[in-house]
Amino acid sequence: MEKLLEQELYILSYYRACELAGAILFGRLAMHTDIDSLRAPLTRHCLEEAEHSWLWTKVIKKLGCIPVKVTDAYQTEYGKEFGMPKNILEILCLTQIFEKRTLEHFNKHLAMDGIHSEIKLALQKMIDDEAGHIGWIRKELDIYSAEYGQAEVDEMMTKLEDIDEKVYHQLLSKEPFKTYFKNI
Ligand SMILES: [Fe+2]
Ligand SMILES: [Fe+2]
């Protein structure tokens with residue numbers, strides 16, 4: 001069994017932490033939402049992010065390591081820029097932007113040379129599931145814009161896209177991401 005590179009171990013542990021942060025957030029939202037129609041999809045979303053976190057944990061274990069402690073997930077950086085999402089529009093938009101970024105990033109990671117087959121399999125599974133996440137959120141955003149207008153949704157999406165752009169570039173400027181993803 002080959003051991004993960006130190007860089008790779010950190011990056012996979014970071015992915016694991018972000019999925020876990022997602023599961024915790026969606027679990028909270030599923031618990032507290034007053035919108036009946038969102039209770040089931042939020043619960044499912046919580047489940048799938050928890051599964052993703054477990055999948056990364058299993059990959060790390062299969063490759064001979066244990067996950068390292070990572071507490072500053074991607075969502076924490078959003079939090080510093082934006083605060084906790086306060087209403088349904090903010091939740092939907094924030095999730096949509098985050099899922100799109102994750103999908104794009106995982107696709108780039110998957111296309112890199114020399115990626116272990118276990119990591120590739122996990123990335124592919126996440127890519128398939130994230131597409132589903134984007135789908136249900138898109139549907140809810142369409143319902144929202146039909147009721148309250150497209151302009152409000154567009155404005156929020158633009159604001160969050162700018163924040164996401166900043167957070168992503170900050171992440172890629174830090175080690176070990178900087179070196180590991182220098183060619184993406
Ligand atoms: Fe996920
Ligand atoms: Fe997701």
Side-chain angles (χ1 to χ4, degrees), residues 8-33 35 37-63 67-79 82 84-85 88-112 115-116 118-144 153 156-157 160-161 163-165 167-168 171-172 177 180-181 184:
E8 241 169 0
L9 172 61
Y10 188 86
I11 287 161
L12 299 191
S13 299
Y14 180 81
Y15 289 171
R16 171 192 172 274
C18 293
E19 304 285 359
L20 202 50
I24 292 166
L25 173 66
F26 279 94
R28 277 209 189 107
L29 294 172
M31 188 92 144
H32 295 292
T33 185
I35 304 171
S37 62
L38 289 186
R39 211 161 285 123
L42 287 170
T43 307
R44 184 183 173 153
H45 203 132
C46 166
L47 166 77
E48 290 187 0
E49 302 301 6
E51 274 178 353
H52 291 170
S53 180
W54 181 233
L55 188 53
W56 286 125
T57 308
K58 283 196 294 188
V59 171
I60 292 166
K61 282 169 79 180
K62 257 190 190 166
L63 298 177
V68 297
K69 181 178 177 180
V70 176
T71 51
D72 51 341
Y74 197 81
Q75 296 93 326
T76 318
E77 298 305 311
Y78 277 169
F82 186 74
M84 267 295 276
I88 192 61
L89 179 64
E90 291 183 359
I91 291 163
L92 293 172
C93 290
L94 195 75
T95 306
Q96 190 73 342
I97 302 286
F98 174 71
E99 299 284 356
K100 276 190 186 167
R101 174 62 74 190
T102 306
L103 193 58
E104 191 189 300
H105 176 80
F106 282 172
N107 271 307
K108 285 181 181 166
H109 192 164
L110 186 61
M112 280 166 57
I115 303 296
H116 194 286
E118 290 291 343
I119 299 176
K120 280 190 164 185
L121 273 173
L123 284 167
Q124 190 58 59
K125 157 85 175 134
M126 311 284 163
I127 288 166
D128 296 344
D129 285 355
E130 301 309 359
H133 292 172
I134 286 175
W136 89 260
I137 302 273
R138 175 80 269 152
K139 222 173 74 200
E140 291 301 329
L141 278 171
D142 287 347
I143 294 170
Y144 188 96
V153 175
M156 184 59 68
M157 287 295 267
L160 286 164
E161 267 162 8
I163 292 175
D164 175 67
E165 199 62 30
V167 169
Y168 188 60
L171 180 74
L172 290 191
F177 303 93
Y180 191 77
F181 292 117
I184 68 168

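In each ligand, atom 1 is the first atom listed, and ligand 1 is the first ligand listed.
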Name of whichever N/O/S atom of Glu19 is nearest to the Fe ion (ligand 1): OE1
Strictly below 4.0 Å, N to O, side chains only: are Arg101 and Glu161 in salt-bridge contact? no
Centroid-centroid distance, Tyr10 to Tyr180, less than 6.0 Å: no
How close do Thr57 and Arg16 get, counting heavy atoms only, and between which atoms? OG1-NE, 3.1 Å
Of all N/O/S atoms in His52, which lies nearest to the Fe ion (ligand 1)? ND1
Backbone or side-chain N/O/S of Glu48 under 2.8 Å of the Fe ion (ligand 2): no
Would you give the length of the straight line joining atom NE2 of His45 to atom CZ of Phe26, rounded to the nearest 0.5 angstrom? 4.0 Å
Degrees at the Fe ion (ligand 1) between the OE1 atom of Glu49 and the OE2 atom of Glu130, nearest 10°: 130°
Among the N, O or S atoms of His133, which one sits nearest to the Fe ion (ligand 2)? ND1
Give a yes or no on whether a salt bridge exists between Lys100 and Glu104, defined as a side-chain N under 4.0 angstrom from a carboxylate O. no
